[in-house]
Amino acid sequence: MTKAAEIEIASVSKVYGSTTAVHPISLKIPAGSYCCLLGPSGCGKTSTLRMIAGHESVSSGDVLLGNKNVTDLAPAERGTAMMFQSYALFPHLDLIDNVAFSLKMKGIDKETRRAKAMDMLKLMQLEPYATRRPAQLSGGQQQRVALARALITDPEALLLDEPLSALDPFLKIRMRAELKKLQTSLGITFVHVTHSQEEAMALADIIVVMNDGRIEQAAPPRTVFERPATAFVARFMGDHNVISGRAGESQAGIVTLAVPSGSEFKVPDADLAQGEPLDVAIRTDRVEVGLQPIDGFGFTGTLSNIEYRGASVKLSVAGAGIEDFTAILSDKVFFAQPVKVGEAIQLSWSPEDVIVLGRAH
């Protein structure tokens with residue numbers, strides 16, 4: 001395999017007529033890393049991937065692979081390979097010819113390309129199926145054929161557009177493990193588009209959260225989860241409650257957060273002038289239930305929903321001007337002192353669990 005390449009996107013944008021799909025974004029993806037572009041539909045993640053691949057022209061900015069500017073190069077000349085969401089396999093060709101197709105287009109002789117295709121099928125544990133056609137395979141097997149076909153060109157970077165979306169939930173989890181193992185053993189750069197937070201957390205060395213054609217945060221999974229940069233990231237990743245309001249008085253490094261209903265919370269280490277917008281996040285699993293809240297670090301609300309999840313129980317609470325606040329308790333803690341929908345309960349959290357969120361733009 002060829003060596004991995006660092007990918008750099010420098011002020012890259014994509015405009016379709018009067019619509020801006022991707023505002024100028026800059027990003028460095030380290031060589032040999034697994035990067036996930038994550039975000040809701042229409043956030044610009046697939047357009048970004050296609051601009052790296054060369055399947056979409058760049059409206060402004062540059063795409064660099066290693067130390068080579070590839071902005072104006074055709075896809076086949078870039079040193080990248082793309083695996084499409086639909087797999088795009090040829091139904092009339094067997095697996096060997098499907099995998100060898102790009103080498104055939106390059107004029108490589110039949111014996112050499114078929115031998116290399118067999119090597120790729122061995123890597124994907126599909127050797128026994130070499131003479132079958134795609135329709136005779138399961139979804140997971142077809143996906144591995146598509147991967148083999150993309151990797152046969154020895155790319156420096158593999159680009160994957162929602163590669164797991166067509167698979168059932170159990171197969172998704174198995175293929176996730178296979179993708180990670182494959183990327184680690186090949187050592188090449190993977191850039192993977194997904195709208196699944198769980199998938200990105202499981203696979204990525206670096207998660208790039210996108211929204212409305214902009215990058216909200218680019219960081220390792222643990223950082224994105226524990227220190228979301230913006231209210232959008234905190235909400236999109238789930239597992240966080242976001243409280244939005246305005247900064248009030250500041251005393252001894254603690255700012256008052258006033259929400260529109262008139263309730264007030266306390267926020268440590270928020271360096272904001274009075275009246276400025278202020279968003280904070282509190283992780284759902286850090287919320288205590290039933291303890292008297294310390295002044296400003298909790299509230300009393302009404303339990304609106306209980307969702308049993310096996311190992312944990314999700315409580316939805318409304319109160320203090322917040323319509324939907326979530327607490328996740330272990331099943332042991334919940335069933336030691338169960339509560340019912342409609343009951344008033346006290347929620348509290350530690351000052352160190354309050355995350356001050358920035359605004360992306």
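Only a predicted model underlies this, so the values are computations on that prediction, with no experimental measurement involved.
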Item checked: Nearest atoms (heavy-atom pairs only) where K172 meets L167 -> NZ-O, 3.3 Å

Item checked: Exam field: side chain T80 to backbone A157, donor-acceptor pair closer than 3.5 Å -> no

Checklist line | Heavy-atom side-chain proximity of L171 to Q143 below 4.5 angstrom | finding: no

Notebook entry, point to check: In Å, rounded to the nearest 0.5 Å, how long is the span from OG1 of T194 to CG of L164?
Noted result: 7.0 Å

Next item on the list: Taking S138 for its side chain and Q141 for its backbone only, find out whether a donor-acceptor pair lies under 3.5 Å.
Entry: yes

Next item on the list: May I ask you to test the R144-E178 pair for a side-chain heavy-atom distance under 4.5 Å?
Entry: yes

Notebook entry, point to check: Does R133 pair with D97 as a salt bridge, N-O distance under 4.0 Å?
Noted result: no

Next item on the list: Under the side-chain contact (heavy atoms from CB on, under 4.5 Å) rule, collect the residues that match up with D269, sequence neighbours excluded.
Entry: none

Item checked: Whether K45 side chain and G39 backbone form a donor-acceptor pair below 3.5 Å -> yes

Notebook entry, point to check: How far does CZ of R235 sit from CG of N241, to the nearest 0.5 angstrom?
Noted result: 10.0 Å

Margin query: Can you pull out every salt bridge (charged side-chain N to carboxylate O under 4.0 Å, His left out) where at least one residue sits in residues 282-292? Sequence neighbours excluded, please.
Written below: E226-R283, R283-D285, R286-D353

Note to self: Is it true that S57 and K14 share a donor-acceptor pair across their side chains at a distance under 3.5 Å?
What the structure shows: yes

Note to self: Is there a continuous path of hydrophobic side-chain contacts, each under 4.5 Å between heavy atoms, that joins M120 to L179?
What the structure shows: yes

Next item on the list: Would you check if E156 and R78 make a side-chain contact, meaning some heavy-atom pair closer than 4.5 Å?
Entry: no

Checklist line | Derivation of the side-chain contact (heavy atoms from CB on, under 4.5 Å) call for D212 and F232 | finding: CA-CA 11 Å; D212 199 19; F232 176 83; over 6 Å; no

Check: Rounded to the nearest 0.5 Å, what separation is found between the CD atom of E249 and the NZ atom of K266?
Finding: 9.0 Å

Check: If you measure only the distance, is there a donor-acceptor pair under 3.5 Å linking the side chains of S60 and S13?
Finding: yes

Note to self: According to side-chain contact (heavy atoms from CB on, under 4.5 Å), who are the partners of F101, at least two apart in sequence or on a separate chain?
What the structure shows: F90, L93, M105

Next item on the list: Write down the atom of L303, the atom of S316, and the distance for their closest heavy-atom approach.
Entry: CD1-O, 3.4 Å

Item checked: Side chain to side chain, I322 and F299, heavy atoms closer than 4.5 Å -> yes

Notebook entry, point to check: Is there a donor-acceptor pair closer than 3.5 Å between any side-chain N or O of T189 and the backbone N or O of G32?
Noted result: yes

Next item on the list: Verify side-chain contact (heavy atoms from CB on, under 4.5 Å) between T223 and Q217, making sure each step is shown before the conclusion.
Entry: CA-CA 10 Å; T223 306; Q217 186 170 11; 4.2 Å; yes

Item checked: Heavy-atom donor-acceptor pair, H240 side chain to V280 backbone, under 3.5 Å -> no

Next item on the list: Kindly indicate whether the side chain of V209, heavy atoms from C-beta on, has any atom under 4.5 Å from the side chain of I215.
Entry: no

Next item on the list: Can you see which heavy atom on S11 is nearest to which on S26, and at what distance?
Entry: N-OG, 2.9 Å

Margin query: Donor-acceptor check, side chain of R113 to backbone of I108, threshold 3.5 angstrom: yes or no?
Written below: yes

Next item on the list: Using a 4.5 Å cut-off on heavy atoms from C-beta on, say whether the side chain of V339 contacts that of F334.
Entry: yes

Margin query: Are I52 and V15 linked, directly or through intermediate hydrophobic residues, by side-chain heavy-atom contacts shorter than 4.5 Å (ILVMFWY only)?
Written below: no

Note to self: Using only atom types and a distance under 3.5 Å, with no angle test, would you say the side chain of T300 pairs donor to acceptor with the backbone of Q346?
What the structure shows: no

Notebook entry, point to check: Do L137 and L95 come within less than 4.5 Å of each other through their side chains, counting heavy atoms only?
Noted result: yes

Item checked: Common cluster, I7/L37, ILVMFWY with side-chain heavy-atom separation under 4.5 Å -> yes

Notebook entry, point to check: Are I328 and V289 linked, directly or through other ILVMFWY residues, by side chains that come within less than 4.5 angstrom of each other?
Noted result: no

Next item on the list: Taking the side chain as every heavy atom from C-beta outward, state whether L151 and I188 have any atom pair closer than 4.5 Å.
Entry: yes

Item checked: Short side-chain to backbone donor-acceptor contact, E264 and G296, under 3.5 Å -> no

Note to self: So, taking the atom named CG in L27 and the one named CD1 in I206, what distance separates them when rounded to the nearest 0.5 Å?
What the structure shows: 6.0 Å

Notebook entry, point to check: For A218 and V208, which heavy atoms make the closest approach, and how far apart are they?
Noted result: CB-CG2, 4.1 Å

Note to self: Which heavy atom of A320 sits nearest to which heavy atom of V259, and what is that distance?
What the structure shows: O-CG2, 3.7 Å

Checklist line | Rounded distance [0.5 Å steps], CG in L160 versus CG in L147 | finding: 6.5 Å

Notebook entry, point to check: Would V145 end up clustered with L186 when hydrophobic side chains under 4.5 Å apart are linked, directly or stepwise?
Noted result: yes

Notebook entry, point to check: About how many Å separate CG of L121 and CD of E127, when rounded to the nearest 0.5 Å?
Noted result: 8.0 Å

Check: Just by distance, do the side chain of K314 and the backbone of R309 share a donor-acceptor pair under 3.5 Å?
Finding: no

Margin query: Testing the basics here: between P268 and V356, what is the closest heavy-atom pair and its distance to 0.1 Å?
Written below: O-CG2, 4.0 Å

